[in-house]
Amino acid sequence: HGPRRGTAGERGGRCVVSTRLVLVDLQSSSPHLRLPEADALQLQARAPHGWRVSVVNSTAVTAANGTSRASDETLTAASEAEVYVGYGVTPPVLAAAPRLQWAHSASAGIGGSITPELRERVLRGLLFTNSAGAYGEVMAETVLAGVLHFTRSIDVAVRQQAAREWNQSVIAHGDMSARELSEHRVLVIGAGGIGSCVARLFTALGCECTGIRRRPELGPPDGFSRVAGPEAVERELSQAEIVVIAAPDTRDTTSLLNRARLALLPRGAIVVNVARGALIDEVALVEALEHGMLRGAVLDVFQTEPLPMDHPLWRHPKVLVIPHVSGVSPRRQWARVLGVFEDNWRRYAAGEPLRNIVDLSAGY
């Protein structure tokens with residue numbers, strides 16, 4: 001599938017070469033996901049010969065899995081677009097963009113974009129890519145910080161500080177005592193870009209990391225000592241003291257960590273979710289915490305976002321609530337996100353295969 005080329009025509013006696021349009025729709029309703037003006041100007045300035053970049057100024061309503069409502073400005077401009085860059089792509093945008101050849105998502109998670117309309121357009125040749133790999137490093141740092149919050153009993157220290165209480169014994173002894181990171185066996189469910197960054201970081205700090213991946217025959221990515229397939233989840237959970245969920249939200253991963261699987265974890269385990277809220281049974285998780293089965297839970301994503309004010313996770317002393325910002329890195333994130341797109345843009349213009357093609361059957 002090759003890109004559409006510009007066409008020549010006559011205007012006022014001059015030969016004019018039509019430009020190919022990239023429509024950038026990244027004015028998210030979430031402030032940390034809005035494309036800064038300086039980065040938009042640089043993207044326009046770096047457009048290859050024969051291309052132009054149109055940046056949408058109107059706000060698009062975005063959710064965890066992508067854009068849920070595009071602006072009128074977007075739908076109008078889409079009629080001329082050959083390439084669309086947004087947070088996923090919605091059916092109205094697809095309907096408004098008959099010339100569209102390639103849609104790129106600035107997010108890694110694209111579950112909300114996999115609609116019948118998208119499947120039909122992909123069958124007709126549309127290319128659909130995502131930004132997998134752009135957020136892994138910073139998300140791995142967030143995972144590490146959250147785990148250390150519990151392994152080093154920082155949660156206890158924070159509560160003692162608020163109460164102006166000096167109590168060394170609770171950190172030195174018992175269920176809340178401090179432990180070294182390298183004492184822990186780590187299971188990362190989802191050995192893609194994010195999971196691999198997590199594994200490399202924890203391995204560098206002395207942990208043994210096992211990964212769960214859909215195709216274990218491909219072998220362990222860098223950072224993992226070994227990998228296993230989805231059928232081995234129960235066995236691996238029974239040996240894991242730190243569990244990091246970094247898998248995509250698909251039909252196969254919904255409620256992946258349910259009540260029965262939580263019960264398999266060794267007492268004192270730590271659960272981390274930086275994937276999607278649907279992957280954990282939150283009711284079962286609260287029960288496991290209440291019964292003292294877990295040392296703690298680090299949660300960046302939730303079944304309902306924003307997390308409802310009356311949700312028990314807010315007030316639980318063994319839960320670290322992060323408001324879905326594990327991938328935020330204001331000084332560096334746009335260089336990474338736009339870097340993924342621009343590398344593919346070069347490939348697309350040259351007729352070369354693109355990176356990060358989404359497998360609609362797999363869901364990522």
Side-chain angles (χ1 to χ4, degrees), residues 1 3 20-28 30 32-36 38-48 51 53-56 60 62 64-67 81-89 93 100-114 118 122 126-142 190-198 200 221-223 246-248 274-275 325-360 362-364:
H1 178 83
R20 304 162 70 183
L21 176 62
V22 173
L23 181 63
V24 178
D25 185 19
L26 297 175
Q27 287 302 101
S28 170
S30 298
H32 67 283
L33 296 177
R34 293 175 189 162
L35 178 66
D39 291 288
L41 291 172
Q42 288 183 18
L43 186 63
Q44 290 173 320
R46 292 194 294 263
W51 287 87
V53 176
S54 177
V55 178
V56 173
T62 57
N65 276 348
T67 297
E82 179 177 342
V83 178
Y84 173 80
V85 184
Y87 287 105
V89 58
V93 170
L100 193 65
Q101 302 294 306
W102 169 33
H104 176 77
S105 177
S107 58
I110 44 71
S113 293
I114 302 179
L118 178 64
V122 168
L126 179 72
L127 301 170
F128 183 43
T129 57
N130 68 1
S131 296
Y135 301 95
E137 293 180 14
V138 64
M139 290 178 73
E141 289 189 9
T142 303
I194 295 168
S196 295
C197 285
V198 170
R200 287 196 296 271
D222 187 28
V274 289
V325 290
S326 65
V328 172
S329 177
R331 297 183 181 182
R332 293 184 173 181
Q333 74 182 45
W334 285 108
R336 293 187 180 117
V337 171
L338 294 180
V340 172
F341 167 69
E342 289 188 80
D343 176 63
N344 262 349
W345 191 8
R346 179 195 62 76
R347 293 167 180 264
Y348 177 84
E352 299 174 359
L354 303 190
R355 299 166 51 207
N356 289 9
I357 293 283
V358 174
D359 180 345
L360 297 187
Y364 58 92

Would a 4.5 Å heavy-atom cut-off, applied to side chains only, mark [X] and [Y] as touching?
{"X": "V138", "Y": "V328", "value": "no"}
{"X": "S131", "Y": "H104", "value": "yes"}
{"X": "P36", "Y": "W334", "value": "yes"}
{"X": "Q44", "Y": "V55", "value": "yes"}
{"X": "L21", "Y": "W51", "value": "no"}
{"X": "L23", "Y": "V85", "value": "no"}
{"X": "L35", "Y": "L338", "value": "yes"}
{"X": "S113", "Y": "F128", "value": "yes"}

To the nearest 0.5 Å, what is the distance between [atom1] on [X] and [atom2] on [Y]?
{"X": "R34", "Y": "L26", "atom1": "CZ", "atom2": "CG", "result": "12.5 Å"}
{"X": "L354", "Y": "R347", "atom1": "CG", "atom2": "CZ", "result": "7.5 Å"}
{"X": "C197", "Y": "E141", "atom1": "SG", "atom2": "CD", "result": "10.0 Å"}

Is a side-chain donor-acceptor pair under 3.5 Å present for [Y] with [X]?
{"X": "D359", "Y": "Y364", "result": "no"}
{"X": "Y348", "Y": "E82", "result": "yes"}
{"X": "T142", "Y": "S326", "result": "no"}

Would V274 and M139 count as a side-chain contact (heavy atoms from CB on, under 4.5 Å) here? Give the steps. CA-CA 8 Å; V274 289; M139 290 178 73; 3.8 Å; yes
On a heavy-atom basis, which atom in [X] and which in [Y] lie closest, and how many Å separate them?
{"X": "A134", "Y": "V340", "value": "CB-CG2, 4.2 Å"}
{"X": "A247", "Y": "A275", "value": "O-CB, 3.1 Å"}
{"X": "A108", "Y": "Y135", "value": "N-CE1, 4.1 Å"}
{"X": "G363", "Y": "I110", "value": "O-CD1, 3.6 Å"}
{"X": "L126", "Y": "A103", "value": "CD1-N, 4.1 Å"}

In sequence, state the C-alpha distance, the side-chain angles, and the governing distance for F341 and V22, and then conclude on side-chain contact (heavy atoms from CB on, under 4.5 Å). CA-CA 11 Å; F341 167 69; V22 173; 3.8 Å; yes
Do the side chain of [X] and the main chain of [Y] share a donor and acceptor less than 3.5 angstrom apart?
{"X": "S105", "Y": "G88", "result": "yes"}
{"X": "N130", "Y": "S107", "result": "no"}
{"X": "N356", "Y": "A132", "result": "yes"}
{"X": "R200", "Y": "G223", "result": "no"}

Looking at residues at least two apart in the chain, or sitting in another chain, which of them share a salt bridge (charged side-chain N to carboxylate O under 4.0 Å, His left out) with R336?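 Partners of R336 by the salt bridge (charged side-chain N to carboxylate O under 4.0 Å, His left out) criterion, ordered by chain and then number, come out as E137.
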Under 6.0 Å between the ring centres of W345 and W102?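 Here the rings of W102 and W345 have centres that are no less than 6.0 Å from each other.
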Looking at R46, I want to see if its CZ is surrounded by more than 12 non-hydrogen atoms of other residues, nucleotides or ligands under 6.0 Å.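 More than 12 heavy atoms, drawn from other residues, nucleotides or ligands, come within 6.0 Å of this atom.
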CA sep, side-chain torsions, deciding dist, call: T129, V358, side-chain contact (heavy atoms from CB on, under 4.5 Å): CA-CA 5 Å; T129 57; V358 174; 5.5 Å; no
